[in-house]
Colleague: 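The structure's right below; bear with me while I get my questions together.
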Amino acid sequence: MYDVHKLDWWNEAKFGMFIHWGLYAIPAGRWKGKEVHGIGEWIMYREQIPFKEYSQLAKEFNPVDFDADAWAKLAYDAGMKYIVITAKHHDGFAMFKSYCDPYNIVDATPFKRDPMKELAEACKKYGLKLCFYYSQAQDWAHPHGLNNFWDYDEDKKDFSIYYKEKCEPQLRELLTNYGPIGLIWCDTPMTMAYEYSKKIRDLIAELQPNCLLNSRVGHNFGDYKSMGDNSIPSRSYNMPWETPATLNDTWGYKAGDRKWKPVAQIIRLLVDINSKGGNYLLNVGPDAKGVIPQESADILRQVGQWLKVNEDAIRNTVACPDYPYVLNFGAMTYKPGKLFLHVFNWPDEDHIIHLQMLRPRVTKAYLLADPGKELNYVQTYTPGNMSYRVRIQLPEQPLTPPDTVVCLELDSPLEWAEL
Ligand code: H79
């Protein structure tokens, strides 16, 4: 299942930008004067808005402030290496020029531009992989797509018609018209049968064999595992995996959602996910004008500033073997030869942190923010009484709060001694 070579760029990246953008950015969480509970892109389902009515939003969709270069630059400044954007979400509206279905941004809106074309160019400029989210099973616009039960009789649905008329032709367009695509991000397979997951897998193999596919295509046809939305496993996993996550509580833009996570928490999540071997796919929800909320941009730029200094501790890391104790100073990330200690809780009194049960010998210790200056450390190794201990002397103050990173160079692969 896991093709190591094909996954190289993705394993190295570790951090990507998710973009949820569609017609739902217009209501922005409010419908007919009332606040609608839940994630913004589900508003059509939540309110059971008839397709005839919801589709009228297209006539108003005119994101004149959309600037593909600015979005790509923001991802670049944040230290992200790929962008996954909703080419089509569950509402069925294509955010790209589709030749098989006029319900798309070029043919149905006054905007008339194809933002995916513009993004493909911008991603090339900033060295980012462009990837497409495509809701392959749910489609609330098509009479045979899954989950719109208020317009269409579930008993009369034939998924093969939707697949043949819309799903496959649109995936074909996405894999043909925008240059090399990093990955196709499917979602909520629901009751979709094995044969359709396989068809999607085969379609990618035919058109862009290097393009990855996430596990939500269903039936184990993915190249890597998508964890649940905003869900992080409690332990390390030695397989390719990714957590898609939000900056506030919604994916698609909601004007009323002010629950932004603090920068420190985002860095903490990035480190936690990386330490367990995963990728962090962090979402922004641009508004109906095409602008990424200022709060999102501010958070991402600050994460990027931290990441610039501490990049070695994130990029290309692998799952860190689970430390046998609860760590008090923060978290650890790992790549062969280097163990990174992320100090979130600075030891204000003695400025010393220590690790137990570390089997490899430390050959050098330094802060990523000041790599020219070696840190003093003492490693004691008394296998007779199973004591493996290293104590590291830190400076008085943290250099890159909230997380100052110590790099320990190791003489052998990381192993913890048994407790
Ligand atoms: O694209 C984002 C979400 O729209 C999508 N996955 C991420 C990446 C997603 N699809 N399904 N879900 C998430 C689960 C959604 C469940 C809920 Fe609801 C939607 C809870 C509230 C609204 C439907 C309505 C189910 C319960 C009430």
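Both ligands and their constituent atoms are indexed starting at 1 by order of listing. Everything numeric in this text was worked out from a predicted model, so none of it was measured.
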Colleague: May I ask you to identify the nearest protein heavy atom to atom 14 (C) of ligand 1, giving residue, atom name and distance to one decimal place in Å?
Modeller: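 Nearest neighbour among protein heavy atoms for atom 14 (C) of ligand 1, to 0.1 Å: Trp42 CZ2, 4.2 Å.
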Colleague: To the nearest 0.5 Å, what is the distance between CG on Asp114 and CE on Met95?
Modeller: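 Answer rounded to 0.5 Å: 9.5 Å.
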Colleague: So, do Phe51 and Tyr152 sit near enough that their side-chain heavy atoms are less than 4.5 Å apart?
Modeller: yes
Colleague: Can you find an N or O of His20 that's nearer than 3.5 Å to an N or O of ligand 1?
Modeller: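 Between His20 and ligand 1, an N or O pair is found under 3.5 Å apart.
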Colleague: Could you list which atoms of ligand 1 come closer than 4.0 Å to a heavy atom of Tyr45?
Modeller: 23 (C), 24 (C)
Colleague: So does Glu53 pair up with Lys32, basic N to acidic O under 4.0 Å?
Modeller: yes
Colleague: Distance to 0.1 Å, residue and atom name: give those for the protein heavy atom nearest to atom 5 (C) of ligand 1.
Modeller: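 Scanning the protein heavy atoms, the shortest distance from atom 5 (C) of ligand 1 goes to Asp187 OD2, 3.1 Å.
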Colleague: Just say parallel, tilted or perpendicular for the rings of Tyr45 and Trp140, cut-offs at 30° and 60°.
Modeller: tilted
Colleague: Name the closest protein heavy atom to atom 10 (N) of ligand 1, giving the residue it belongs to and the distance to 0.1 Å.
Modeller: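 Its nearest protein heavy-atom neighbour is His90 NE2, 3.1 Å.
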Colleague: Taking the basic N atoms (NZ, or NE/NH1/NH2) and the acidic carboxylate oxygens, is any pair closer than 4.0 Å for Lys198 and Glu195?
Modeller: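 The answer is no: the pair does not qualify as a salt bridge.
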Colleague: Is it the side chain, the backbone, both or neither of Thr86 that has a heavy atom closer than 4.0 Å to ligand 1?
Modeller: neither
Colleague: Heavy-atom contact check, 4.0 Å cutoff: does His37 meet ligand 1?
Modeller: no
Colleague: Please list, in number order, the atoms of ligand 1 under 4.0 Å from a heavy atom of Thr188.
Modeller: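 Result: 10 (N), 11 (N).
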Colleague: Find all atoms of ligand 1 within a distance of less than 4.0 Å from any non-hydrogen atom belonging to Glu41, and give their numbers and elements.
Modeller: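 Answer, ordered by atom number: 2 (C), 3 (C), 4 (O).
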Colleague: Identify which of Ile43, Asn147, Asp229 has a heavy atom lying nearest to atom 9 (C) of ligand 1.
Modeller: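 Nearest heavy atom to atom 9 (C) of ligand 1 lies in Asp229.
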Colleague: Using a strict 4.0 Å cut-off to heavy atoms of Tyr133, name the atoms of ligand 1 that fall inside it.
Modeller: 1 (O)
Colleague: Is it true that Asp272 and Lys276 have a side-chain N and a carboxylate O under 4.0 angstrom from each other?
Modeller: yes
Colleague: Can you label the angle between the Tyr178 ring and the Phe132 ring as parallel, tilted or perpendicular, going by 30° and 60°?
Modeller: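 Rings of Tyr178 and Phe132: perpendicular, as their planes differ by over 60°.
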Colleague: Using distance alone, determine whether Trp185 and ligand 1 share an N or O pair under 3.5 Å.
Modeller: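 Such a contact does not occur with ligand 1.
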Colleague: In terms of ring plane angle, is the pair Trp185 and Tyr133 parallel, tilted or perpendicular, where the classes change at 30° and 60°?
Modeller: parallel
Colleague: Looking at atom 20 (C) of ligand 1, what's its closest protein heavy atom, distance included?
Modeller: Arg46 NH2, 4.4 Å
Colleague: Check the angle between the aromatic planes of His142 and His144 and answer parallel, tilted or perpendicular using the 30° and 60° thresholds.
Modeller: tilted
